[in-house]
*Asks:* 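Mind having a look at this structure? Questions to follow.
Worth saying up front: this structure is predicted, and the values here are computed from it rather than measured. In what follows, chains are A, B, ... by sequence order, proteins preceding strands, each numbered from 1.
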Number of protein chains: 2
Amino acid sequence: MDQSVIDNQKLMDTHLHHPEEHLKSSDVLRDIVIGMSDGLTVPFALAAGLSGAVGPDGTHIIVIAGIAEICAGSIAMGLGGYLAGKTEQDHYETELKREFYEVDHLRHKEIEETKEFFSNIGLSEDLQDKATDEIAKDKKQWVDFMMKYELGLDKPDPKRATKSALNIGISYIVGGLIPLSPYFFVSHPVDGLKISVLVTLLCLFIFGWFKSRITGVNVWGGAFRVTLIGAAAAAAAFGVAKLFES
Amino acid sequence: MDQSVIDNQKLMDTHLHHPEEHLKSSDVLRDIVIGMSDGLTVPFALAAGLSGAVGPDGTHIIVIAGIAEICAGSIAMGLGGYLAGKTEQDHYETELKREFYEVDHLRHKEIEETKEFFSNIGLSEDLQDKATDEIAKDKKQWVDFMMKYELGLDKPDPKRATKSALNIGISYIVGGLIPLSPYFFVSHPVDGLKISVLVTLLCLFIFGWFKSRITGVNVWGGAFRVTLIGAAAAAAAFGVAKLFES
C-alpha cells in the first residue's frame, strides 16, 4: 500500500488549488485512506481464508485471529508512521544544519549547485549567474531554496507524526472491524463469511469511490479497482488456507 | 507503514549522490524495505497473539492463519502498489496533456505561474521576467519545468508498477515466513512462540540496521526502533487475543 501513499500525496498536493490552505484536511484524508485501505482488505481476507479452513465451530478462532490482526496491523502502521515521521524530522534538521554550514564554509560549491539547478531548467549562462547572485544574497532564502529544490525536502510539521499515527491506526481499526463484525453474530463461519463478503465489498466500493474522488482519478474505475484488490486478496487467502487445511 | 515510504523515498533520493545512476537499485531496496517491514511485523504479531489464545493443540490453526495473512497482506500491498503505480502514470499523462494545452491556449496564465515560481524563490522582478522568457522559448522544456516544479510530478517509469508490485509482494512473503516458520516444526504453540520471538526480533534488529543505513539515520537507534515496533505489535496482539479468548 505504501506506493499508493506517495501517489496520493502527490495527487492531492497537485489537485488542491491551494495546498497551504487545505493541507490539514488533506493530510487527515490521506491518513484515513492509508489506514482504511489496508484495514478493510487484510482482516477481511484473513477472516475469509480462515472461515474456509477452521471447521464449523471455528467462528471464535476467526474472531480472535481477526482481533489480533487488527491490533498488529494498526500498531505496525500507526507506530511505523509515527517513527517514520520522527525520522523525517531528524533528517530535515540534519540537512538544514548541513546546508547552513555549507553556505558559510563551502560557498563556491553551493554557488555551483545553485547554478546547476538554473542550468537544468534551461536558463542561459548569463541568467544562471544573475539568478544565483540574487538568491545567494539572503542566506535563509538560499538555504530554503536548496532544501526544497536541490534536496526535495519540505519542512515537516512537528505535530504531524503523532496525529498521523493516530489517524492511520484508528482508520485501520475501523476498517478492520467492518469485515470482522459479522463473525461476532453468527455461529457458523460460512454464514459469517457470506455477510462479511457482501458488507465488505460494498464498503470497499464506496471507499474506492471516495478515494478516487480525492485523488482525482475516474471514480467508477477507481472504486472497481479497490474492490477487486479486496476480492482477490480474500479469494487467494481462502484458497491457500484450504490447501493447508488438509 | 505508508508514511515511511514517502520518507524513505525522500531520504534515498537525497542521500544518493547520483540518483539517476542509482535509481534502479534504490527503487528495489525501497520496495524490499516496504514489503519486509510489514511482512516481519504483522504475521509475527498475529502468530504471537494466536499462540496465547488457541490452546495447546492449536499450532495448525496458527500456521493456517499465518499463511492466510501472508497471502492477504502480500496481495494487498503488491496489487495495491501496482494499481497505485498505474494511477500515478495515468495522472502524469493527464497533467502532461493539460500543461501542453495550457502552454498553447492559456499562455499568459502559464507565464504568470512561471514568474510566480521565480518570485517565490526570491528573484527580482527583472530576473523573473527574463528567466520566464528563456524558459518559455522551448515548449517542451517549459512543460517539463512546470510538471516538475509547479506540480511536483516526476515522470513515472512505465515498467515500475509491475516490478514494484512483485518486489513488495515477495519481500512481504519472505518477511512473513520468518516469524511463521518455527510453528511448522513444533507441536505446542508456546514453543513456536518462543523460537519465533527470538528469531524475529533478531531479524527485525538486523533489518532495522540495514534500513537505517540505507535511509541515512543512526543505525543503532533505527534498529532499536524497528525492533520495538515489532515487539509492541506482538505484545499487544498477544494481550488482546488473551482477552477475547475467555
Side-chain angles (χ1 to χ4, degrees), chain A residues 1-7 9-11 13-14 34 38 41-42 45-46 49-50 53 61 64-65 67-69 71-73 75-77 79-81 83-85 87-88 90-91 121-124 127 130-131 134-135 138 141 145 151-153 164 217 225 229 232-233 236-237 240-241 244-245, chain B residues 1-7 9-11 13-14 34 38 41-42 45-46 49-50 53 61 64-65 67-69 71-73 75-77 79-81 83-85 87-88 90-91 121-124 127 130-131 134-135 138 141 145 151-153 164 217 225 229 232-233 236-237 240-241 244-245:
Chain A
M1 289 286 99
D2 297 40
Q3 186 66 34
S4 77
V5 187
I6 304 171
D7 308 334
Q9 178 68 63
K10 277 187 191 165
L11 299 178
D13 283 354
T14 55
I34 292 168
D38 279 15
T41 308
V42 183
L46 172 67
L50 281 177
I61 286 292
I64 292 179
I67 297 274
E69 208 288 333
C71 196
I75 288 177
M77 290 190 79
L79 203 54
L83 291 184
T87 304
E88 190 189 354
D90 291 351
H91 181 70
I121 64 172
L123 296 193
S124 64
L127 276 193
K130 283 185 182 150
E134 281 194 4
I135 282 198
D138 179 338
Q141 163 184 294
F145 169 81
L151 301 180
L153 295 174
S164 184
V217 297
R225 290 192 213 185
I229 297 178
V240 171
F244 275 75
E245 176 201 20
Chain B
M1 290 288 100
D2 296 42
Q3 184 66 37
S4 77
V5 187
I6 304 172
D7 308 333
Q9 178 69 65
K10 276 186 193 165
L11 299 180
D13 284 354
T14 55
I34 293 169
D38 279 15
T41 308
V42 183
L46 172 66
L50 280 176
I61 287 291
I64 292 179
I67 297 273
E69 208 288 334
C71 196
I75 289 179
M77 289 190 80
L79 204 54
L83 292 183
T87 305
E88 189 190 354
D90 292 352
H91 181 70
I121 64 172
L123 297 191
S124 64
L127 276 192
K130 283 184 184 152
E134 281 194 6
I135 283 200
D138 180 337
Q141 162 185 295
F145 169 81
L151 300 179
L153 295 175
S164 182
V217 296
R225 289 192 213 185
I229 297 178
V240 170
F244 275 76
E245 176 201 19

*Asks:* What residue in A:Val42, A:Leu123, A:Leu50 has the most heavy-atom pairs under 4.5 Å with chain B?
*Replies:* A:Leu123
*Asks:* Among A:Ala65, A:Gly49, A:Gly73, single out the residue with the greatest number of heavy-atom pairs under 4.5 Å to chain B.
*Replies:* A:Ala65
*Asks:* Who passes side chain to side chain contact (heavy atoms under 4.5 Å, CB included) against B:Ile61, sequence neighbours left out?
*Replies:* A:Val54, A:Ile61, B:Val54
*Asks:* Compare every heavy atom of B:Ala76 with every heavy atom of A:Ile229, then report the nearest pair and how far apart it is.
*Replies:* CG2-CA, 4.1 Å
*Asks:* Suppose we screen for side chain to side chain contact (heavy atoms under 4.5 Å, CB included). Which residues come up paired with B:Asp138, at least two apart in sequence or across chains?
*Replies:* B:Lys140, B:Gln141
*Asks:* For residues A:Cys71 and B:Ala237, report the shortest heavy-atom separation together with the two atoms involved.
*Replies:* SG-N, 3.7 Å
*Asks:* What residue in A:Gly122, A:Ala45, A:Ala53 has the most heavy-atom pairs under 4.5 Å with chain B?
*Replies:* A:Gly122
